[in-house]
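Data first, discussion second: the structure below is written as structure tokens.
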Amino acid sequence: MAFGDDSPVDSVIQILRKRGLLDAVTNPAIEEIAAKQQITVYAGFDPSCDSLQAGNYVTIMALRHFQRCGHKVIALVGGATGLIGDPSGKTSERKFLSEEQVARNSEGIRENLSRFLDFNHPTAPARLVDNSSWMKDYSLIRFLRDVGKHFRMGSLLSKESVKLRLESEAGMSFAEFAYPLLQAYDFLRLYDDAGCTLQIGGSDQWGNITAGIELIRRLRNTEVYGLTIPLVCDSAGRKFGKTEGNAVYLDQNRTSCYEFYQFFYRTADADVIRYLRIFTLLPEEEITALESATRTRPEDREAARRLAEETTRDVHGDEGLRVAVRTSSVLFGETMTGLKSDDLLKVFADAPAAELPASKVVNRSVVEVAADAGLCGSRSEARRLVQAGGLYLNNRKVENIETRVAESDLIDGRLLVLRSGRKNHRLVMVR
RNA sequence: GGUGGGGUACCGAAGUGGCCAAACGGGGUAGACUGUAAAUCUACUGGCUCUGCCUUCCUAGGUUCGAAUCCUAGCCCCACCA
């Protein structure tokens, strides 16, 4: 995949296209350029939270494809821009985060990103930068003279993110309006400092990316490029990366390895092949094989399992994957007999658990225990669950509301596994 | 600042004195069918010590045997005008 040889390998842009990671480019010439020479590409990550989310994974994958094709990649953490907030795609003004919060979040994002990029690559080492390093001491007057002067109101006002907000009741503050200038300046800095000529980002970043391209054209009289990545949605049109309304994070303190694995494992057949192309680096032949496996033996869920394995290993490592797989096999296995509580505790370290005193468990009704352990929001809810036949105690269905937890139900005298439906588990530890 | 409209459960939205713990839709949870998928169908969806009781319809008071519904004050939102 080295440059200069004439081997008929796909260029990075072609790869992105085949993988479903290409939405649009600002100039088709970039395809030719990236095929012929090493370029430097960057993508920015917003520190609005202390962990990246599954949605960001898409952008990370795109960066990796660039690195694998021998290009230099830069991941930028928006430690400065995060203090303002990107208005793109937002229908209302965001609340400012405190400086401490943004600093903390930036640290988390840096840690996340460092897992995915190769900083010791012999010819194309990745770099991680934070735009606060050049923004924090930049005075407003200088910024307006250096950068602001080169932006015309017309083009700023015609940006999608601005139009949307001006039409809405919420309106828009000057701070957010000025956001594209900040991001444009980032691109300029990376162009000057690192020779970066391509910025990639989600499709909502188009306006911010073109702002940078324009700035560089005016100030450096050079054409640089932009590329956007599609917003991934499932087959039902829902935005990818949410489970029960909660975002899936790449940090295991927020989304455990088990939950992460399960999120991908539950991918619908209609989406799984597409996701394999987007979220894994599996070769096309293998994906095609999984596609036919899904068609002929859908009940084996081979493609979904593979997707979950690849992504979990990628994000949480071999150990994380091992824990996730083991936890899953116990939770979805038929029986709990023969298991020791020590094993269970290890496996369940990753599953939701609750700790209750023995007086709150032994001889109490399952309904109360399920509510106290937090599996159900209230006793009424727990009662309804039993009536619907959806509550399980140690993987055995609870048939009667009156059922009480007996001493003998406790595994090793200290552990109880409660389950609601097929997929919601709760480990109860008795103090 | 003026005028008009409005705040109902997780969301949207009906209800304008008792039949209201509050229609309907969405969402959510569970069940059936399955494959931890999708689709479909069914049930549930304020709380509790559960044939009953308690707390809800922006907030605080009031009228009434009885209020989500009427009155008073306040807060908030929206539209148009300035």
Side-chain angles (χ1 to χ4, degrees), chain A residues 91-93 167-171 233-240 242-248 255-276 279 290-309 311-312 321 324-336 347-348 350-352 359-360 363-393 395-404 417-426:
Chain A
T91 51
S92 62
E93 184 94 7
E167 282 164 16
S168 84
E169 268 313 307
C233 289
D234 67 18
S235 52
R238 286 176 299 244
K239 203 170 155 191
F240 168 84
K242 293 275 196 296
T243 166
E244 283 137 42
N246 299 315
V248 174
T255 301
S256 71
C257 302
Y258 162 72
E259 288 168 310
F260 187 87
Y261 176 89
Q262 286 292 322
F263 169 73
F264 280 99
Y265 189 80
R266 286 175 192 150
T267 300
D269 290 2
D271 299 317
V272 71
I273 300 304
R274 196 162 50 91
Y275 284 6
L276 280 167
F279 297 105
L290 286 166
E291 188 169 14
S292 68
T294 301
R295 231 187 345 262
T296 53
R297 299 183 311 280
E299 65 280 7
D300 288 351
R301 301 184 62 65
E302 202 180 327
R305 188 175 321 106
R306 198 62 202 278
L307 174 67
E309 280 169 10
T311 51
T312 306
L321 173 62
V325 170
R326 207 148 153 239
T327 307
S328 300
S329 70
V330 169
L331 292 180
F332 292 98
E334 289 306 304
T335 173
M336 295 235 164
V347 161
F348 271 89
D350 234 33
S359 60
K360 286 269 193 189
N363 251 334
R364 302 294 295 269
S365 90
V366 246
V367 166
E368 288 174 57
V369 178
D372 290 347
L375 183 72
C376 301
S378 68
R379 287 174 192 192
S380 303
E381 204 178 303
R383 197 167 291 118
R384 274 182 235 122
L385 187 66
V386 174
Q387 278 159 352
L391 182 68
Y392 296 78
L393 173 64
N395 276 350
R396 281 193 319 274
K397 185 187 269 190
V398 175
E399 307 280 357
N400 193 318
I401 302 186
E402 310 296 327
T403 307
R404 284 174 180 275
V417 180
L418 289 172
R419 169 154 69 90
S420 151
R422 298 211 83 166
K423 4 185 185 187
N424 303 308
H425 296 83
R426 198 135 209 133

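In the text below, chain A, chain B and the rest are named by the order of the sequence lines, each starting its count at 1. Below, each value reflects all heavy atoms present in this structure, side chains not excepted, and no hydrogens, waters or symmetry copies.
- Proximity of A:Arg384 to the phosphate of B:G47: a side-chain N or O atom is located under 4.0 Å from OP1 or OP2.
- Two residues, A:Arg301 and A:Gly389, neighbour RNA chain B, and the one matched to the more 5' nucleotide by heavy-atom proximity is A:Gly389.
- Annotation: ring-ring contact (aromatic ring centres under 6.0 Å, His included) contacts of A:Tyr258 (sequence neighbours excluded): none.
- Not a single donor-acceptor contact under 3.5 angstrom links the side-chain atoms of A:Arg422 to the base of B:U29.
- Using a 4.0 Å heavy-atom criterion, one finds that A:Tyr392 contacts the sugar-phosphate atoms exclusively.
- Tested against A:Val369, the residues A:Arg404, A:Arg364, A:Arg426 include a single side chain to side chain contact (heavy atoms under 4.5 Å, CB included) partner, A:Arg364.
- Under 3.5 Å, the side chain of A:Asp300 and the base of B:G35 form no donor-acceptor pair of N or O atoms.
- Under the Watson-Crick and G-U wobble criteria, each requiring two contacts below 3.5 Å, nucleotide B:U3 is paired to B:A79.
- Considering only the side chain of A:Arg379, B:U49 comes nearest among B:G35, B:U49, B:A38.
- Distance from the side chain of A:Asn424 is smallest for B:U29 among the nucleotides B:G47, B:U36, B:U29.
- Applying the ring-ring contact (aromatic ring centres under 6.0 Å, His included) rule to A:Tyr392 yields no partners; only residues at least two apart in sequence or on another chain are considered.
- Of the charged side-chain nitrogens involved, at least one lies within less than 4.0 Å of a carboxylate oxygen, so that A:Asp372 and A:Arg379 count as a salt-bridged pair.
- Using a 4.0 Å heavy-atom cutoff across all strands shown, A:Gln262 reaches at least one base atom of the nucleic acid.
- Residue A:Lys423 places at least one side-chain N or O under 4.0 Å from the OP1 or OP2 atom of B:A37.
- With B:U36, B:C44, B:C48 as the candidates, the nucleotide lying closest to the side chain of A:Ser328 is B:U36.
- When distances are taken from the side chain of A:Ser378 to each of B:G47, B:G35, B:U36, the shortest belongs to B:G47.
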Notebook entry, point to check: Run the ring pair (Phe, Tyr, Trp, His ring centres under 6.0 Å) check on A:Phe332 and A:Tyr265 step by step: do they pass?
Noted result: CA-CA 13 Å; A:Phe332 292 98; A:Tyr265 189 80; 7.8 Å; no
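- Nearest to the side-chain atoms of A:Ser420 among the listed nucleotides B:C48, B:A30, B:G35 stands B:A30.
- Side-chain N/O atoms of A:Tyr275 include none lying less than 4.0 angstrom from OP1 or OP2 on B:A37.
- Using Watson-Crick or G-U wobble geometry with both donor-acceptor distances under 3.5 Å, B:U40 finds its partner in B:A32.
- Comparing B:U36, B:G47, B:G35 by their nearest atom to the side chain of A:Asp269 picks out B:G35.
- Between A:Ser380 and the phosphate of B:C48, there is a side-chain N or O to OP1/OP2 separation shorter than 4.0 Å.
- Using a 4.0 Å heavy-atom cutoff across all strands shown, A:Ala270 reaches no nucleic acid atom at all.
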